[in-house]
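This is a predicted model, so every value here is computed, not measured. All ligand and atom numbering here is 1-based and tracks the order in the structure.
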Amino acid sequence: MEKLVNPQETIRILQKYNVKFQKKYGQNFLIDGRVLEKIIDAAEIGSDDFVLEIGPGIGTMTQYLAEAAGRVCAVEIDAKLIPILQETLAAYDNVTVLHQDIMKLDLKELAERENGGRPIKVVANLPYYITTPIIMGLFEKDVPLESLTVMVQKEVADRMQVGPGTKDYGALSLAVQYYAKPYIVANVPPNCFIPRPAVGSAVIRLTRYEQPPVAVKDPAFMFRLIRASFNQRRKTLQNGLKNSSELQIPKEAVAAALETMGLPQSVRGEALDLAQFAQLADLLLGGNF
Ligand code: SAM
């Protein structure tokens with residue numbers, strides 16, 4: 001079968017099966033071979049690897065993954081694409097297609113069953129409407145993971161990569177950087193997809209840490225603190241944490257912690273890095289908030 005990665009072949013196969021693009025599923029199919037090669041290179045896939053692909057679409061990236069990996073499991077929600085995938089992936093005996101909603105699948109169980117608990121690689125051109133829940137779900141549910149190499153909105157990739165002192169810095173940056181080392185592989189313009197998305201895209205690789213880069217007694221409490229701190233990002237940390245819906249921490253407790261940390265009383269949450277949030281969380285932990 002001819003490689004799918006060109007606009008004519010993508011349109012031909014969709015017409016053959018009388019399938020229309022489903023906006024509600026975030027369907028923007030890749031039509032640029034160079035971008036696919038960059039993704040495959042960045043993911044460093046070898047013949048021993050088990051790769052999970054989220055949203056194979058018509059199988060464009062799956063064909064490349066099947067050629068590089070030991071085994072591929074591709075999870076697609078859209079029933080209309082399943083017969084197409086059966087045709088486009090017929091030549092590969094190392095690919096399993098699951099017709100499922102990725103949000104409802106127990107990925108930890110899948111990785112354990114399919115790869116004996118060894119870390120898997122996730123590679124995907126993600127549906128943008130659920131990018132963050134997919135990525136955070138993989139980390140928080142303890143799926144054995146080596147790396148994620150994914151296409152996301154450019155703005156989201158930037159938010160995942162930046163540190164304090166930039167406008168994109170926020171709860172997502174800290175959450176991702178607690179679990180993984182981010183690296184933006186490439187920026188990808190709308191004309192590499194059909195239909196063209198309204199926004200720019202980027203490929204980001206997140207390499208999972210074996211151990212988080214900071215030690216914190218209660219990570220869940222630290223993340224509540226981070227979310228509360230960024231909910232009202234123009235406020236000082238003291239005011240933000242006093243009024244948050246997640247936590248109500250008295251100003252005096254925050255003031256005492258800031259004093260111990262040697263930070264100014266007027267500091268905003270957006271100025272703190274991950275290590276400082278970890279320290280703040282440990283200092284406030286056990287308080288009666
Ligand atoms: N991988 C293909 C490519 O690069 O051309 C398609 C990528 S497209 C951006 C996202 C794909 O994810 C679509 O095929 C869409 O149907 C699928 N998808 C959307 N929501 C999903 C979900 N909850 N579970 C599994 N697949 C989903």
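Remark: aromatic rings of F21 and F29 are close, center separation under 6.0 Å.
Taking distance alone, with nitrogen or oxygen atoms compared against 3.5 Å, I130 stays at or beyond that limit from ligand 1. For a threshold of 3.5 Å applied to N or O pairs, the pair formed by G55 and ligand 1 contains at least one separation below that value. Below 3.5 Å of separation, one finds no N or O of N28 facing any N or O of ligand 1. Considering both main-chain and side-chain atoms, L126 never comes within under 3.5 Å of ligand 1 through any nitrogen or oxygen pair.
The closest side-chain donor-acceptor pair between Y92 and E67 falls under 3.5 angstrom.
Ligand 1 places these atoms under 4.0 Å from at least one heavy atom of E53: 1 (N). Atoms of ligand 1 lying under 4.0 Å from at least one heavy atom of I102, given by number and element, are 22 (C), 23 (N), 24 (N), 25 (C). Of all the atoms in ligand 1, the ones that sit under 4.0 Å from a non-hydrogen atom of Q100 are 24 (N), 25 (C). The contact set between ligand 1 and V75, taken as ligand atoms under 4.0 Å from a residue heavy atom, comprises 25 (C), 26 (N).
Checking side-chain atoms of N115 against main-chain N and O of R71 turns up no donor-acceptor pair under 3.5 Å. With hydrogens and angles ignored, the 3.5 Å screen pairs a side-chain donor or acceptor of S229 with a backbone N or O of L225.
For residues 115-131, the salt bridge (Lys or Arg N to Asp or Glu O under 4.0 Å) pairs, not counting sequence neighbours, are D49-K121, K121-E146.
Taking D78 as the reference, Q22, Y25, Q27, E76, K80, L81 meet the side chain to side chain contact (heavy atoms under 4.5 Å, CB included) condition, with sequence neighbours excluded.
In terms of protein heavy atoms, atom 5 (O) of ligand 1 is closest to L30 N, 2.9 Å. Of all protein heavy atoms, the one closest to atom 4 (O) of ligand 1 is N125 ND2, 2.9 Å. Atom 21 (C) of ligand 1 has I77 CG2, 3.5 Å as its closest protein atom, hydrogens excluded (heavy atom only). Considering only non-hydrogen protein atoms, atom 23 (N) of ligand 1 sits nearest to D101 OD1, 2.8 Å. For atom 19 (C) of ligand 1, the closest non-hydrogen atom on the protein side is Y25 O, 3.1 Å. P56 O, 3.3 Å is the protein heavy atom nearest to atom 2 (C) of ligand 1. With respect to atom 9 (C) of ligand 1, the closest heavy atom belonging to the protein is G26 O, 3.2 Å.
Relative orientation of the Y179 and F223 rings is parallel, given thresholds of 30° and 60° on the angle between their planes.
Of the candidates Q27, E76, K24, E76 brings a heavy atom nearest to atom 14 (O) of ligand 1.
Two residues are said to be in side-chain contact when any heavy atoms from C-beta on lie closer than 4.5 Å; C73 and L98 meet this criterion. You'll find the side chain of L263 reaches within 4.5 Å of the side chain of L272, heavy atoms only.
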Worksheet item: Can you list the steps and then say if F230 with Y169 is a ring pair (Phe, Tyr, Trp, His ring centres under 6.0 Å)?
Response: CA-CA 9 Å; F230 282 96; Y169 184 60; 5.7 Å; yes
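For CD of Q265, the number of neighbouring non-hydrogen atoms (other residues, nucleotides, ligands) closer than 6.0 Å is greater than 12.
Residue Y129 touches ligand 1 through its side chain alone, judged by heavy-atom distances below 4.0 Å.
Heavy-atom separations between K104 and ligand 1 are all 4.0 Å or longer.
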